[in-house]
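Shown next, in structure tokens, is the structure this report addresses.
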Amino acid sequence: MSPRATVHAIEVESYAILRSRLDTSDLPPLTRAVVERIVHTSADPSWGGDLVCDEEALRAGRAALLDGAPLVTDVRMVAVGVTARPTTIAIDLPGVRELAAAEGITRSAAGIRTAVRDHPAGAVWAIGNAPTALAELVRCAASGLVTTPLVVGLPVGFVGSVQAKAALRSAGLPAVSNRSERGGAAVAAAAVNALLYSEESP
């Protein structure tokens, strides 16, 4: 996918303001793209110190996306934010509600478990809602059920969010995450869009 042909003047001005408040000039190219797009999306420069990015993982994830790898999101709100390509929405897959009831797990976790069965290798995963979704993806990876070039792990919540993201990093999975409780669909989608629209060569 090539970069967008035109960028609106408001966006150009917005990025200029962003860069006057947050110096990203020393960041590697894709890390900078992700940090800046999330800061731009949230109008919050403090994201710069919260995000944990791995440039090699971002390169692998971007290359996979540009090569047509499936993109799996935990919820529809993340998918809606990524307009450049179709996605698989885990929570909407057939049988998720029944699996959640049978196993006593959240629908978000059941959606991930179901999506792992359909995409055991090669998909890029973007988690921007429930910490239980990210925790389930980490569990599946630890059990050898799924491999991935990149996990965008940015769920939000006071319960389990920090722990799920810490577990993601401890697991050694290729990922972008953050240290705090904040997150959400908009920032998860922003991270994916940063990779899709970056001018950096894969």
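Note that the structure is a prediction, hence the values are computed from the model and not measured.
V176 and V39 fall within a single hydrophobic cluster, where Ile, Leu, Val, Met, Phe, Trp and Tyr are joined by side-chain heavy atoms under 4.5 Å apart, directly or via other members. Both L18 and V35 are assigned to one and the same hydrophobic cluster, defined by single-linkage of ILVMFWY side chains at heavy-atom distances under 4.5 Å.
Distance CZ/R32 to CD/E55: 12.0 Å, rounded to 0.5 Å. Residue L93 holds its CG atom at 7.0 Å from NE2 of H119, rounded to the nearest 0.5 Å. Taking NZ of K165 as the reference point, atom OG of S180 lies at 5.5 Å (rounded to 0.5 Å). Remark: E98 CD to R107 CZ distance equals 9.5 Å, nearest 0.5 Å. The structure places CD of Q163 at 11.5 Å from OG of S170, a figure rounded to the nearest 0.5 Å. Rounding to the nearest 0.5 angstrom, the gap separating the CG atom in D74 from the OG1 atom in T88 is 12.5 Å.
A heavy-atom distance below 4.5 Å is found between the side chains of V124 and P149. Proximity of V78 to I89: side-chain heavy atoms (C-beta onward) are nowhere separated by under 4.5 Å. Contact of the V34 side chain with the I38 side chain is registered, since non-hydrogen atoms from C-beta on lie closer than 4.5 Å. Taking 4.5 Å as the limit, some side-chain heavy atom of R113 sits within range of a side-chain heavy atom of I105. Looking only at side-chain heavy atoms (C-beta outward), L65 and L71 come within less than 4.5 Å of each other.
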Contacts table for residues 183-195: side-chain donor-acceptor under 3.5 angstrom, sequence neighbours left out:
unit_1: N193; atom_1: ND2; unit_2: G81; atom_2: O; d: 2.9
unit_1: N193; atom_1: ND2; unit_2: A189; atom_2: O; d: 3.3

CA sep, side-chain torsions, deciding dist, call: V82, L196, side-chain contact (heavy atoms from CB on, under 4.5 Å) | CA-CA 9 Å; V82 183; L196 290 172; 3.8 Å; yes

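S14 contributes no side-chain N or O that, together with a main-chain N or O of E11, makes up a donor-acceptor pair within less than 3.5 Å. Put simply, the side chain of T106 gets close to the backbone of A109: a donor and an acceptor are under 3.5 Å apart. Side chain of T114 to backbone of A110: a donor-acceptor contact under 3.5 angstrom is found.
Chaining together hydrophobic side chains whose heavy atoms lie under 4.5 Å apart places L134 alongside V72, I112, V116, W125, I127, L137, V138, L145, V146, V151, L168, L173. In the hydrophobic clustering, V80 connects to no other residue, as no ILVMFWY side-chain heavy atoms lie under 4.5 Å from its own.
Between P70 and G122, the shortest heavy-atom contact is CD-O, 4.4 Å. For A135 against A164, the heavy-atom pair with the smallest separation is N-CB, 4.3 Å. Between G153 and P155 the shortest heavy-atom distance is C-CD, 3.3 Å. Across all non-hydrogen atoms, the minimal contact from A115 to A90 is CB-CB, 4.0 Å.
Evaluation of the ring pair (Phe, Tyr, Trp, His ring centres under 6.0 Å) rule for H40 yields Y15 as partners, not counting sequence neighbours. Here R76 pairs with D92 under the salt bridge (Lys or Arg N to Asp or Glu O under 4.0 Å) rule; sequence neighbours left out.
Applying the salt bridge (charged side-chain N to carboxylate O under 4.0 Å, His left out) definition to pairs two or more places apart or across chains, those involving residues 173-198 are D44-R182, D50-R182.
For the pair R139 and E136, the salt-bridge criterion is met [side-chain N within less than 4.0 Å of a carboxylate O].
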